[in-house]
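Here it is, the structure, as structure tokens.
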There are 2 protein chains.
Amino acid sequence: MSAETTTRSGSRPRKRINDPEGMRKKVLDVAEESFQTRGYHASSLGDLMAAARVSGGALHHHFPTKKALALAVIDERVAAAVEETWIAPVLAAASAREGVRSVFEAVAAELERQGYVRGCPLNNLAHELSLADPDFRVALAGIFAAWRQAIAGKVMADQRGGREQGTDPLRFAALAIATYSGAMSMAKTAQDATVLRDCLAALPIATRPMA
Amino acid sequence: MSAETTTRSGSRPRKRINDPEGMRKKVLDVAEESFQTRGYHASSLGDLMAAARVSGGALHHHFPTKKALALAVIDERVAAAVEETWIAPVLAAASAREGVRSVFEAVAAELERQGYVRGCPLNNLAHELSLADPDFRVALAGIFAAWRQAIAGKVMADQRGGREQGTDPLRFAALAIATYSGAMSMAKTAQDATVLRDCLAALPIATRPMA
DNA sequence: GACAAAACAGGACAACCGGTCTGTTTATAA
DNA sequence: TTATAAACAGACCGGTTGTCCTGTTTTGTC
């Protein structure tokens with residue numbers, strides 16, 4: 001993952017040399033923000049350099065190409081966002097159904113608080129980059145797969161507890177992710193998070209008892 | 001809609017002058033294809049001109065700006081695609097549930113036949129352009145709204161026939177569209193249409209009786 | 001302190017972008 | 001026929017793009 005920070009000694013990890021405030025992190029922050037709001041192709045490296053207050057040399061040092069920067073955003077930021085807003089809450093919930101329901105409500109509440117909808121970080125990049133480059137596609141597909149597998153695993157844990165006997169874990173996970181992704185897409189286009197609650201209400205997750 | 005084809009006489013529509021084989025249509029074909037597969041920002045006008053075998057003057061004559069071209073693609077092609085693959089089949093079906101189910105299966109079968117997944121035309125452009133420009137966003141949101149309204153209207157028609165009494169039409173429509181959109185997003189990223197069938201199976205649409 | 005390598009700085013560059021401009025052909029209206 | 005405007009053709013331009021390249025500074029190691 002962090003091949004560029006290894007030195008010739010190879011074994012022990014390097015202490016931070018320059019970059020006391022995290023220059024690479026600053027670039028990654030700005031890139032993540034811009035890729036999400038403006039998109040990958042619409043974000044120029046000049047804009048990113050200006051926003052992050054970094055020189056071209058510094059940017060090129062940490063990320064040799066624009067593609068490498070996007071790959072880093074996907075691997076380090078988008079995956080973390082899915083983990084934080086979806087996987088961890090679902091695994092921590094009382095059940096898979098309850099976990100999915102609570103995430104829908106939490107995201108809807110957060111969007112209503114923010115007042116605008118930026119969309120799902122994974123889906124935003126997936127739509128623009130999946131067909132653009134195989135490396136992008138593989139990286140994004142891996143996040144989708146991990147997301148789905150985490151939810152399915154939770155369902156299987158429920159089943160070991162005697163619940164969800166009639167549920168197909170992977171299909172349940174696919175439905176949860178697809179509905180969420182699509183609802184976020186509609187919410188982003190309409191700039192209105194209400195559709196998230198509409199979908200949750202129409203889903204059998206909230207209405208049907210957990211048994 | 002067709003303001004550029006009106007002449008000073010104003011009243012009666014003009015017969016086609018040049019453009020016997022539809023030069024404007026040819027540009028629109030190429031633009032639709034490229035915007036869908038490569039995206040809006042990744043499609044240069046030079047590429048489109050070369051692919052459509054059209055001069056820069058001709059392109060600029062029909063579409064003064066790149067934005068105008070995209071707006072035309074959205075209004076004339078994306079809306080038509082939603083109408084053709086979704087609205088018309090659902091309205092023609094025996095019921096809203098049956099219509100939704102049949103569209104899922106038809107699209108899944110078509111994707112499996114094609115061997116690759118290009119994604120939902122509406123969602124592809126919605127993700128890239130919704131936040132880029134208000135005009136884009138409004139145009140795309142209108143298509144989403146019409147899509148949703150058509151399905152909801154079918155549910156209401158079912159209800160007038162005594163069916164679907166416990167169903168909220170707009171919520172049902174939102175769920176159908178969101179699940180489809182999200183499933184297409186996952187299918188595009190994975191380049192595998194199987195998830196469409198997984199979502200359909202997990203949805204209560206197919207399993208629950210229509211009453 | 002000497003040395004090497006990493007971490008930057010900043011300019012240069014060729015390619016390309018979208019849009020404009022002028023000119024020519026073609027079709028309609030009078 | 002003649003006037004007029006639409007329908008094209010194709011060159012052109014300023015600005016921007018991503019990348020590369022040459023230095024300079026900083027850091028770690030011996």
Side-chain angles (χ1 to χ4, degrees), chain A residues 2-28 30-31 34-35 38-73 129 132-133, chain B residues 2-28 30-31 34-35 38-73 129 132-133:
Chain A
S2 58
E4 68 272 9
T5 58
T6 59
T7 173
R8 71 212 183 294
S9 64
S11 56
R12 87 195 112 165
R14 268 270 274 274
K15 282 182 284 186
R16 282 185 305 181
I17 307 178
N18 271 351
D19 194 12
E21 298 168 9
M23 194 161 225
R24 192 189 120 101
K25 169 174 158 30
K26 204 155 53 177
V27 172
L28 229 36
V30 169
S34 186
F35 287 170
R38 275 168 255 186
Y40 172 79
H41 287 103
S43 300
S44 78
L45 295 183
D47 295 342
L48 301 183
M49 284 162 50
R53 254 98 62 94
V54 244
S55 67
L59 176 65
H60 181 261
H61 172 71
H62 291 288
F63 308 101
T65 64
K66 191 184 181 184
K67 173 180 172 179
L69 174 57
L71 245 16
V73 168
L129 301 180
D133 189 290
Chain B
S2 59
E4 69 273 8
T5 57
T6 59
T7 175
R8 71 207 182 299
S9 63
S11 55
R12 91 194 107 166
R14 269 269 274 274
K15 281 183 282 188
R16 282 186 306 182
I17 306 179
N18 271 351
D19 195 9
E21 299 169 9
M23 193 160 231
R24 193 189 116 100
K25 171 175 160 20
K26 203 158 49 177
V27 172
L28 230 37
V30 169
S34 186
F35 288 169
R38 274 168 256 187
Y40 173 77
H41 287 104
S43 301
S44 77
L45 296 181
D47 294 340
L48 302 182
M49 283 161 51
R53 254 96 63 93
V54 176
S55 68
L59 176 63
H60 179 262
H61 173 71
H62 291 289
F63 308 101
T65 65
K66 191 183 181 185
K67 173 179 171 178
L69 174 57
L71 245 15
V73 168
L129 301 178
D133 189 291

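Naming convention: chains lettered A, B, ... in sequence-line order (proteins, then strands); numbering from 1 in each chain.
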Handout entry: Minimum side-chain heavy-atom gap A:V30-A:D47 below 4.5 Å
Key =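 With C-beta onward as the side chain, the pair stays apart.
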
Practice task
Let me have a per-nucleotide readout for nucleotides 15-20 of chain C, 5' to 3', with B, S or -, counting only protein heavy atoms under 4.0 Å.
Solution key: --SSSB

Problem - Closest to the A:H61 side chain, choosing from C:dA6, D:dA7, C:dA9 - result: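 Selected nucleotide (nearest to the side chain): C:dA6.
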
Practice task
Could you check B:V54 against A:L59 and say which one's nearest nucleotide on DNA chain D is further toward the 5' end?
Solution key: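 Per heavy-atom nearest nucleotide, the more 5' residue is B:V54.
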
Handout entry: Minimum side-chain heavy-atom gap A:S34-A:L48 below 4.5 Å
Key =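 In contact.
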
Exercise for the section: May I have the distance from A:M49 (atom CE) to D:dG18 (atom C1'), rounded to whole angstrom? Expected result: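 A:M49 atom CE is separated from D:dG18 atom C1' by 11 Å.
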
Problem - Integer-rounded Å distance: C:dA9 C1' and A:R53 CZ - result: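 Going from CZ in A:R53 over to C1' in C:dA9 covers 16 Å.
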
Problem - Lys/Arg cation over aromatic A:Y40: A:K66, 6.0 Å, 45° cone - result: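 Judged by the rule, A:K66 and A:Y40 form a cation-pi pair.
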
Exercise for the section: Supply the atom-to-atom distance B:F63 CZ to B:R24 CZ, rounded to the nearest 0.5 angstrom. Expected result: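 Here the rounded value is 4.0 Å.
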
Problem - Atom pair NZ (B:K26) and NE2 (B:H62), whose distance is rounded to the nearest 0.5 Å - result: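 Atom-to-atom, B:K26:NZ and B:H62:NE2 are 10.0 Å apart.
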
Problem - Length of the CG-P vector between A:L48 and D:dT16, whole Å - result: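 Computing the A:L48:CG to D:dT16:P distance gives 15 Å.
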
Problem - Gap separating the CG atom of A:D133 from the CG atom of A:L71, nearest 0.5 angstrom - result: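 CG of A:L71 is found 7.5 Å from CG of A:D133.
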
